[in-house]
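Have a look at the structure below, then the notes.
The figures here come from the full heavy-atom set of this structure, side chains too, leaving out hydrogens, waters and symmetry mates. FYI, the numbering just counts along the sequence from 1.
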Amino acid sequence: LAEGRSVSAVDYLRARRDSAALASEVNLSLRDIDVFISATTPSVARPLSEVDAADDTYKHWNTRYSRNTVIGNLLGLCGVSVPCGFSPEGLPIGLMIHAKARDEALALRAALAFEVATDWQDHRPDLSFCE
């Protein structure tokens, strides 16, 4: 949000117009696709103490972690992340399920189908390091 303070209204409106045009193209491309999946983040979670160590490290990791989820925001898609494993360090890994705009019910049905077919939602990370 802090970076958005320097964006002019004209630039913001142009960006929204461009985003809407891109969303229309993507919706056309996705016309025969119900959902698409990806990793929620392109890399496994890092300890919060590392991510929040300074503003620079937060910006570095925030940009990388949001890469796969920001597409939904940019294009007006809906999505849900479900647990699908753990890193070797025991940190969670997520599966991102995207559906078309305003089709939350389909995204949630796909997430439920994944959870019924697996048991990842029943696993809990070892949080003893937080004690």
Side-chain angles (χ1 to χ4, degrees):
L1 291 175
E3 293 175 11
R5 289 185 297 199
S6 63
V7 176
S8 72
V10 171
D11 288 341
Y12 174 78
L13 292 173
R14 283 186 185 130
R16 293 297 305 149
R17 182 194 62 214
D18 294 346
S19 178
L22 183 58
S24 291
E25 287 180 41
V26 168
N27 284 332
L28 185 60
S29 297
L30 295 176
R31 68 182 170 273
D32 297 326
I33 297 172
D34 294 323
V35 298
F36 65 94
I37 62 173
S38 69
T40 301
T41 61
S43 58
V44 297
R46 303 296 324 140
L48 192 56
S49 60
E50 181 181 331
V51 173
D52 283 349
D55 285 345
D56 288 343
T57 57
Y58 174 80
K59 287 178 184 177
H60 169 84
W61 288 110
N62 184 54
T63 300
R64 280 151 184 78
Y65 285 146
S66 64
R67 185 189 79 189
N68 292 3
T69 57
V70 76
I71 189 172
N73 297 336
L74 176 67
L75 300 175
L77 304 172
C78 60
V80 59
S81 178
V82 293
C84 69
F86 294 93
S87 71
E89 297 82 18
L91 296 170
I93 298 173
L95 176 75
M96 189 74 198
I97 302 170
H98 281 289
K100 295 176 189 118
R102 294 175 298 282
D103 205 351
E104 290 85 0
L106 179 58
L108 292 171
R109 283 196 316 270
L112 178 61
F114 179 81
E115 289 187 342
V116 167
T118 68
D119 67 349
W120 284 114
Q121 72 278 1
D122 297 329
H123 296 269
R124 301 289 179 262
D126 175 11
L127 299 177
S128 62
F129 67 90
C130 296
E131 298 172 357

Under 3.5 Å donor-acceptor, Thr40 side chain and Leu95 backbone: yes
Tyr65 side chain to His60 backbone, donor-acceptor under 3.5 Å: no
Atom pair [atom1]/[atom2] of [X] and [Y] - distance to nearest 0.5 Å:
X	Y	atom1	atom2	result
Ile37	His98	CD1	NE2	11.0 Å
Arg109	Ile97	CZ	CD1	12.0 Å
Leu108	Asp103	CG	CG	9.5 Å
Asn62	Arg67	CG	CZ	13.5 Å
Glu115	Cys84	CD	SG	11.0 Å
Thr41	Arg64	OG1	CZ	12.5 Å

Could you check if a side-chain atom of [X] sits within less than 4.5 angstrom of a side-chain atom of [Y], using non-hydrogen atoms only?
X	Y	result
Val80	Phe114	no
Val51	Tyr58	yes
Trp120	Ile93	no

Arg14 bridged to Asp11 by N-O distance under 4.0 Å: yes
Kindly work out whether a path of hydrophobic side-chain contacts (I/L/V/M/F/W/Y, heavy atoms less than 4.5 Å apart) joins [X] to [Y].
X	Y	result
Leu30	Val35	no
Phe36	Leu28	no
Val7	Leu13	yes

His123 side chain to Asp119 side chain, donor-acceptor N/O pair below 3.5 angstrom: yes
Minimum heavy-atom distance between Met96 and Ala39, given as atom pair plus value: CB-O, 4.0 Å
Closest non-hydrogen atom pair, Arg124 against Phe86: C-CZ, 3.9 Å
Residue of the set Asn73, Leu75, Leu74 for which side chain to side chain contact (heavy atoms under 4.5 Å, CB included) holds with Ser19: Leu74
